[in-house]
Each structure stands twice: as structure tokens, then as C-alpha cells.
Amino acid sequence: MTQYLGLTSDNRVDHIAGWIDPPDMAGPLAPPPADTDEYTYVRWDQPVRLAANTSTEVHKWVNGAPIWIETAPLEVVAARAIDQIDSAADAARIAVIAKQTNTPEYQRAEAQARAFKAAGYPVDDVPRNVAGWVAAKWRDEMTAQEAADDIIATADRWYQLLDDIRDMRLAAKEDVRHATDSAEVAALARRLEAGLYTLMVGAE
């Protein structure tokens, strides 16, 4: 494919024109598009993305390459990024809560396990939810103390994950507030989303 970008008089990328080259297709090559009063055509052989990330981005030809330029004021871009960061963190939090399956049941089991541990793991007074985990894990010959400790450790992992999400969200928002240009803001939002993805994959 021979690809040309149609540029307007202010160097905005308006469209792509392309022709299939042999051996991809037999037959004579079509000539490249001719410049007109409306468009100037430049050859561009790399992939190009025509869809903007935001409604205020402008696609322009700058220093021999098509790039997106954010035209909104920095405070608007920052506010939009902060909303994006909050939404990404909310989605991660919901995923954590969902992983706890039935949350009231999970919280009840945790409370019983912590109370059982605080009481010194009395073998003659094993809470219902701890005993249920012992019964489910009979193949592993799990004791009531091991079951309680396992329930508590699982709860602690989820709390740690929620705390990590909160820390990442707060730090990212503050970084955005101190960013000096739109490109930095966009990079910070992308970094937060990538960090949350890595965090959640690691929690699988």
C-alpha cells in the first residue's frame, strides 16, 4: 500500500488516500493524488491513527509526521484526566470487591476468624465460618487455627490491594495537578491505568 495523507492549508490531517502496490494486486499503479486548492498530499508509509483520544485534539502534520495536538486549556485537560483517574480507580475497587464474592459472607467469616484468633484458637469453640472452611479443606487436613489464619491472610491481601489502589489514585491526581503541559497530563493518566492493570493482574 502506498499511502498519502491529505493535508488542509493549516496542516491538519483530513484523510488518507492509498493504492495497492504489486505484487499485492496485479495491474497498473494509480498515480498519486494531485495537490488541489483544498488539499496537499504527502507520502506516509507508517500506520496512522485518525481517531482522536479527546474531542479537543487536532491532528496535524508537524516536522514531517502526523501528530495529535491537544488544544484545550491545561486546566480543562487536567480536570478531565482527574475524572479519568477516579473512574479507573473505581473500576479497580469494584473488581476487588467482586473478587470477595459474597461480601457480607466474607466479612462475617473474617470477623469470626479474627475473634477466634484473639481468643487463642480455642478448639472447643470454633466459629461456624471457620469450621466450614476446615470442613471444605478436609483433604488438606487443615486445622481450625490454619483455617482462621488463612481467612485472615486473604482478607489482609484484599485490604492491601484496596490501599494500593487508593495510594496510586491520590498520587496520580496530585501529579496531574502539578503537570506543566497536556502531554504530561495524558502520560500520567495512561501510567495510572497501566499501573492499575498490572496491580490487578498480579492479584489474580
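Excluded from the calculations below are hydrogen atoms, water molecules and symmetry mates; all remaining heavy atoms, backbone and side chain alike, are included. This is a predicted model, so every value here is computed, not measured.
Cluster membership check: Val48 shares its hydrophobic cluster with Val42, using side-chain heavy-atom separations under 4.5 Å among Ile, Leu, Val, Met, Phe, Trp and Tyr. One hydrophobic cluster, built from ILVMFWY side chains closer than 4.5 Å, holds both Leu74 and Ile82. A continuous path of ILVMFWY side-chain contacts below 4.5 Å connects Met142 to Phe116, so both sit in one hydrophobic cluster.
Rounding to the nearest 0.5 Å places CD1 of Ile85 at 9.5 Å from CZ of Arg191. Here the straight-line distance linking atom CG of Asp86 with atom CG of Leu170 works out to 9.0 Å at 0.5 Å rounding. Atom-to-atom distance recorded for Asp156:CG and Ile151:CD1 is 12.0 Å, nearest 0.5 angstrom. Annotation: the span from Thr40 atom OG1 to Asp14 atom CG amounts to 11.5 Å, rounded to 0.5 Å. In this structure, CG on Asp10 lies 4.5 Å from NZ on Lys60, to the nearest 0.5 angstrom. We find the CG-CZ distance between Leu188 and Arg177 to be 12.0 Å, quoted to the nearest 0.5 Å.
Across all their heavy atoms, Trp44 and Ala65 have their closest contact at CH2-CB, 3.7 Å. In this structure, Leu192 and Ala172 approach most closely via the heavy-atom pair CG-CB, 3.8 Å. Minimum interatomic distance between Ala148 and Ala113 (heavy atoms only, all atoms of both residues): O-CB, 3.7 Å. Closest non-hydrogen pair, Val185 versus Ala179, comes out as CG2-CB, 3.6 Å. Shown here for Val130 and Ala144, the closest heavy-atom pair between the two residues is CG1-O, 3.5 Å. Heavy atoms only, all atoms of each residue included: Leu196 and Ala92 are closest at CD2-CB, 4.3 Å.
Residue Arg166 places its CZ atom among 12 or fewer non-hydrogen atoms of other residues, nucleotides or ligands, all under 6.0 Å distant. For Tyr159, the OH atom counts as densely surrounded, since its 6.0 Å shell holds more than 12 non-hydrogen atoms of other residues, nucleotides or ligands. In the displayed structure, Arg128 atom CZ is contacted under 6.0 Å by at most 12 heavy atoms of other residues, nucleotides or ligands. With a 6.0 Å radius and a threshold of 12 heavy atoms from other residues, nucleotides or ligands, Trp133 has its CH2 atom at or below the threshold. The number of heavy atoms from other shown groups lying within 6.0 Å of CD (Glu141) does not exceed 12.
Looking at Met200 and Val96, their side chains come closer than 4.5 Å, going by heavy atoms from C-beta outward. The closest side-chain heavy-atom distance from Ile165 to Leu199 is below 4.5 Å. Ile97 places none of its side-chain heavy atoms less than 4.5 Å from the side chain of Trp158.
Checking side-chain atoms of Arg49 against main-chain N and O of Ala51 turns up a donor-acceptor pair under 3.5 Å. The backbone N or O of Thr143 sits less than 3.5 Å from a side-chain atom of Glu146, completing a donor-acceptor pair. A donor-acceptor pair under 3.5 Å links the side-chain atoms of Gln112 to the main chain of Asn129, judged by distance alone. In this structure, Thr56 contributes its side chain and Thr71 its backbone to no donor-acceptor pair below 3.5 Å. The main-chain N or O of Gln46 is found under 3.5 Å from a side-chain atom of Gln3 such that the two form a donor-acceptor pair.
Between the side chains of Trp68 and Asn53, not a single donor N or O lies within less than 3.5 Å of an accepting N or O. Between Glu38 and Thr8, the side chains place no donor N or O within less than 3.5 Å of an acceptor N or O (distance only, hydrogens not considered). His15 and Tyr4 share no donor-acceptor pair across their side chains, judged by distance under 3.5 Å alone. Under 3.5 Å, the side chains of Tyr41 and Asp35 contain no donor-acceptor pair of N or O atoms. A donor-acceptor pair shorter than 3.5 Å can be found between the side chains of Asp164 and Gln160.
Ion pairing between Arg114 and Asp149 fails under the 4.0 Å rule for side-chain N and carboxylate O. Using a 4.0 Å cut-off between a side-chain N of Lys or Arg and a carboxylate O of Asp or Glu, Arg190 and Glu193 do not qualify as a salt bridge. A salt bridge links Glu70 with Arg80: the closest approach of a Lys/Arg side-chain nitrogen to an acidic carboxylate oxygen falls below 4.0 angstrom. A salt bridge links Lys137 with Asp140: the distance from a Lys NZ or Arg NE/NH1/NH2 to an Asp or Glu carboxylate oxygen falls below 4.0 Å.
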* To do: Step by step, work out the side-chain contact (heavy atoms from CB on, under 4.5 Å) result for Ile152 and Lys117.
  => CA-CA 9 Å; Ile152 293 168; Lys117 179 180 180 179; 3.8 Å; yes
* To do: Start with the C-alpha distance between Arg169 and Asp167, add both sets of side-chain angles, then the distance that settles salt bridge (Lys or Arg N to Asp or Glu O under 4.0 Å), and finish with yes or no.
  => CA-CA 5 Å; Arg169 176 179 63 85; Asp167 290 345; over 6 Å; no
* To do: I would like to know whether Leu7 and Tyr39 meet side-chain contact (heavy atoms from CB on, under 4.5 Å); could you show each step before the answer?
  => CA-CA 5 Å; Leu7 310 179; Tyr39 301 114; over 6 Å; no
